[in-house]
Amino acid sequence: MNVWSKMITALRGGINEAGEVIVDSQALRILDQEVRDAAEELKQSKDSLAAIIARQKVAEERVSKIGEQIKEHEGYAVAALEKDNENLALEVAEKIAALESKLDTETATAKGYEESADQLRAAIADAERDIQRIKQQIDTVKATDSVQKAQAAVSERHSGSDSKLRNAKESLERIKERQELRAAQTKAAREIANTSDDQTLADKLSAEGITPQSHNAKEILERLKSK
């Protein structure tokens, strides 16, 4: 059981390593897609902001209309009091109380939309700056990646040319060695042939009883005196 567990763990490790290799090889493509995803989310956030702002404006319009209604009914209440119709004035006052309660609710709603819009607007601004900064860094990373790939290609070609150049030099040296060897063999053969010819001539003269003149110091001295 322990062995199977270790085998499964090893297999999982191999899968993870293979996955990391794939991720590394596609890093720039994945990064581009992640930025596109972030940009799409930013667009959705802007749509949400637009919807919140629209709701805020509607709530603010309701607040404005309720305020106008309150002022209008306050005028009615004053007119009823001026006519000594306190019951009518009280009824109008109850209406004003209901409008004021509604005003508080709509004001709080509008304020909530405003705060949400401000927070989302700030988050969108931060996201836009981050995306712009990431895009600039991606451009730098891509440029660096292109340069490194070009350098690697040049290095690989240079390594190949060095290998071929070494092979050419070795071939040249082998050819020169063979030529030098053949030249030495030819020279040795010529020397052997000359030596053989000289020995043959000496043998022939000796067979006929002819010996080369010997040279000694006394004979040379007598010859010089006679001159």
Side-chain angles (χ1 to χ4, degrees), residues 12-13 15-152:
R12 290 172 58 191
I15 292 173
N16 288 335
E17 289 178 0
E20 290 177 359
V21 170
I22 294 174
V23 169
D24 290 341
S25 65
Q26 301 294 323
L28 287 177
R29 184 176 297 176
I30 292 172
L31 184 57
D32 284 337
Q33 184 59 49
E34 288 173 342
V35 171
R36 285 193 292 269
D37 292 342
E40 180 61 27
E41 290 180 357
L42 179 61
K43 180 179 178 298
Q44 294 176 2
S45 297
K46 289 182 177 180
D47 292 340
S48 298
L49 176 60
I52 292 173
I53 292 175
R55 293 189 179 95
Q56 176 189 350
K57 290 185 177 299
V58 171
E60 289 174 348
E61 289 176 358
R62 288 175 181 170
V63 169
S64 179
K65 288 181 179 179
I66 293 171
E68 292 175 356
Q69 289 176 343
I70 290 173
K71 288 182 180 180
E72 180 181 357
H73 282 78
E74 285 176 346
Y76 294 154
V78 171
L81 290 173
E82 289 176 350
K83 293 185 178 292
D84 295 327
N85 192 342
E86 190 168 338
N87 290 332
L88 180 59
L90 180 59
E91 185 177 350
V92 174
E94 291 175 350
K95 176 66 174 178
I96 292 173
L99 288 172
E100 286 180 346
S101 178
K102 188 176 181 180
L103 178 64
D104 290 341
T105 301
E106 292 296 336
T107 300
T109 300
K111 184 65 175 176
Y113 283 137
E114 182 182 6
E115 291 176 353
S116 296
D118 290 341
Q119 293 173 359
L120 186 54
R121 193 178 288 110
I124 288 173
D126 289 340
E128 286 180 332
R129 284 193 294 269
D130 289 341
I131 290 176
Q132 183 61 31
R133 183 165 53 250
I134 290 173
K135 285 183 176 179
Q136 292 173 348
Q137 293 177 358
I138 287 176
D139 291 339
T140 301
V141 168
K142 286 183 176 180
T144 302
D145 186 65
S146 298
V147 171
Q148 289 179 346
K149 285 181 178 179
Q151 289 174 338

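The two atoms that bring N85 and L88 nearest to each other are OD1-N, 3.1 Å, heavy atoms only. The two atoms that bring L42 and A127 nearest to each other are CD1-CB, 3.8 Å, heavy atoms only.
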*Given side chain to side chain contact (heavy atoms under 4.5 Å, CB included), test E91 with K95 step by step and report yes or no.*
CA-CA 6 Å; E91 185 177 350; K95 176 66 174 178; over 6 Å; no
*asked:* Checking D130 against R133 for the salt bridge (Lys or Arg N to Asp or Glu O under 4.0 Å) test, could you report, in this order, the C-alpha distance in whole Å, the side-chain angles of both residues, the deciding distance, and whether it holds?
replied: CA-CA 5 Å; D130 289 341; R133 183 165 53 250; 2.4 Å; yes
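Sorted by first then second residue, the salt bridge (charged side-chain N to carboxylate O under 4.0 Å, His left out) pairs that include residues 71-89, not counting sequence neighbours, number zero. Counting only residues at least two apart or in different chains, side-chain hydrogen bond (donor to acceptor under 3.5 Å, both in side chains) contacts with residues 34-54 comprise Q33-R36, Q33-D37, K46-E128.
With sequence neighbours left out, Q56 forms a side chain to side chain donor-acceptor pair (under 3.5 Å) with E60. The side-chain contact (heavy atoms from CB on, under 4.5 Å) test applied to V58 returns R62, not counting sequence neighbours. Partners of R129 under the salt bridge (charged side-chain N to carboxylate O under 4.0 Å, His left out) rule, at least two apart in sequence or in another chain, are D126.
Using a cutoff of 4.0 Å between basic side-chain nitrogens and carboxylate oxygens, K142 and D139 are not scored as salt-bridged.
Expressed to the nearest 0.5 Å, how far CD1 of I70 lies from CG of L99 amounts to 5.5 Å. Distance check: I96 CD1 to I66 CD1 gives 13.5 Å after rounding to the nearest 0.5 Å. Considering CG of D32 and NZ of K135, their distance stands at 10.0 Å, rounded to 0.5 Å.
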Without placing hydrogens or testing angles, list every side-chain donor-acceptor pair under 3.5 Å for residues 105-119, not counting sequence neighbours.
residue : atom : partner : partner atom : Å
T105    : OG1  : S101    : O            : 3.2
T107    : OG1  : L103    : O            : 2.6
T109    : OG1  : T105    : O            : 2.9
S116    : OG   : G112    : O            : 3.0
D118    : OD1  : R121    : NH1          : 2.9

